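Shown next, in structure tokens, is the structure this report addresses.
Labels below follow one simple rule: chain letters A, B, ... track the order of the sequence lines, proteins then strands, and each chain is numbered from 1. No experiment lies behind these values; they were computed from the predicted model shown.
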There are 2 protein chains.
Amino acid sequence: MERLEGFHGLLSRDRELETRLDQKDYKLLELLRQNARESYAALAAQLGISESAVRKRIMKLKKLGVIRRFTIDYDVPGEVVALILVKTQPPVQTPDVSRKILQNRMVEKVYEVTGEYDILVIARARSSQDINSIIDYIRSIEGVQSTYTMIVLRSY
Amino acid sequence: MERLEGFHGLLSRDRELETRLDQKDYKLLELLRQNARESYAALAAQLGISESAVRKRIMKLKKLGVIRRFTIDYDVPGEVVALILVKTQPPVQTPDVSRKILQNRMVEKVYEVTGEYDILVIARARSSQDINSIIDYIRSIEGVQSTYTMIVLRSY
DNA sequence: GGTGAAAGTGCGACATT
DNA sequence: AATGTCGCACTTTCACC
């Protein structure tokens, strides 16, 4: 019976995968990546479908969690961006550390990764002192073994 | 005379800095970071200014290069995201290497940084084979000494 | 995925401080 | 120089097909 349930679980996963993205979805994501404020009508024209179809696809992509948020890529002169590699140590779980890191409002993005380090943090601050305080904050989290910080000089 | 011109240059720089961002600009950037598709009217209400004022501020921020683009934060199931650290070697200039890296369409973002490595690349691909081909591409660029790749397991 | 009508939004011109 | 007001066209939204 447990085997059957396991099997059933696999089937449900397949069913989820039926909501696979098609070429128009991929193109839509690419268009939105380039300009997230483009009107549905303009997107529709480029995709060769109607404006309401675009809206429904975007809604679906948001519901599926594919589109996480509409945001901006920006660069405030004087602000300091830092990339902070973090090494965690068992038995503390890496996701627990990630969630703690995210609580800092200067943290923009957190990646859990393979390799020598476990987490990469992208942080943004008004000054290098503020970067220092982010690092202090991260190093104070339980399960953080060490950090390695890179200051961003330029980005594209 | 040359001294005077130099001094004049400094003055012009100061004049440019007069287009400093105020608190409303910072708040506007934060609101857009959270939802880049929010209407000007809704943004205006939150900032306590009129809708056309918001429009003009956003225009100004784009013109100043502060807002680089409106984009989406997204996560396609099955796609592989990799963070690739790159070490460059003189006499090749790091920005030249960055520009070459950017030519690869799977490359999403390039940071030039301080520290042991000179560049961090964020790349996105349909499969790990594609990630491999990005790495091969980067390693084939003149001036690239070594790379270190981390595969993203999860991101927030 | 398309249609149509109502509500909401974008945008330029001009007035205001 | 930055903001506010107004008018109109366009866009979005929400029914339903």
- [ ] Please give the angle, rounded to 10 degrees, between the axes at the start and the end of the helix from C:dG1-D:dC17 to C:dT17-D:dA1, where five pairs define each axis.
- [x]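 One end's axis against the other's: 40°.
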Whether [X] side chain and [Y] backbone form a donor-acceptor pair below 3.5 Å:
{"X": "B:Thr114", "Y": "A:Ile151", "answer": "yes"}
{"X": "B:Lys24", "Y": "B:Leu47", "answer": "yes"}
{"X": "B:Asp25", "Y": "B:Asp22", "answer": "yes"}
{"X": "B:Ser127", "Y": "B:Asp130", "answer": "yes"}

Beyond-backbone contact of [X] with [Y], side-chain heavy atoms, under 4.5 angstrom:
{"X": "B:Arg57", "Y": "B:Ile49", "answer": "yes"}
{"X": "A:Thr94", "Y": "B:Arg154", "answer": "no"}
{"X": "B:Ile58", "Y": "B:Phe70", "answer": "yes"}

Task: Start and end of chain A contact along DNA chain C [non-hydrogen atoms, under 4.0 Å] - done: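 Endpoints of the contacted stretch of DNA chain C: C:dG1 to C:dG10.
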Open item on the list: Between A:Glu30 and A:Lys27 (salt bridge meaning N to carboxylate O under 4.0 Å), is one present in this structure?
Closed with: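 Result for this pair is no, no salt bridge flagged.
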Open item on the list: I need the CG-P distance between B:Asp22 and D:dA1, as an integer number of Å.
Closed with: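 Checked: the CG to P distance equals 17 Å.
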Task: Distance, nearest 0.5 Å, that separates CD1 of B:Ile138 from OG1 of B:Thr149 - done: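 With rounding to 0.5 Å, CD1 (B:Ile138) is 7.5 Å from OG1 (B:Thr149).
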Open item on the list: Return the CD1 to CG distance between A:Ile122 and B:Leu120, rounded to the nearest 0.5 Å.
Closed with: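 With rounding to 0.5 Å, CD1 (A:Ile122) is 7.0 Å from CG (B:Leu120).
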Open item on the list: Applying side chain to side chain donor-acceptor pair (under 3.5 Å) as the test, list every pair that has at least one member in residues 35-44 of chain A; sequence neighbours left out.
Closed with: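 Pairs touching residues 35-44 of chain A that pass the test: A:Glu38-A:Gln46.
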Check: residues 141-148 of chain B side-chain donor-acceptor pairs under 3.5 Å, at least two apart:
from	atom 1	to	atom 2	distance (Å)
B:Thr147	OG1	B:Arg139	NH1	2.8
B:Tyr148	OH	A:Glu116	N	2.8

Task: DNA chain D-proximal residues of residues 40-57 of chain B, any heavy atom under 4.0 Å - done: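 Correct list: B:Ile49, B:Ser50, B:Ser52, B:Ala53, B:Lys56, B:Arg57.
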TODO: Enumerate the residues from residues 24-34 of chain A whose closest heavy atom to DNA chain C is under 4.0 Å, giving them by residue number; use none for an empty result.
DONE: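 Those residues: none at all.
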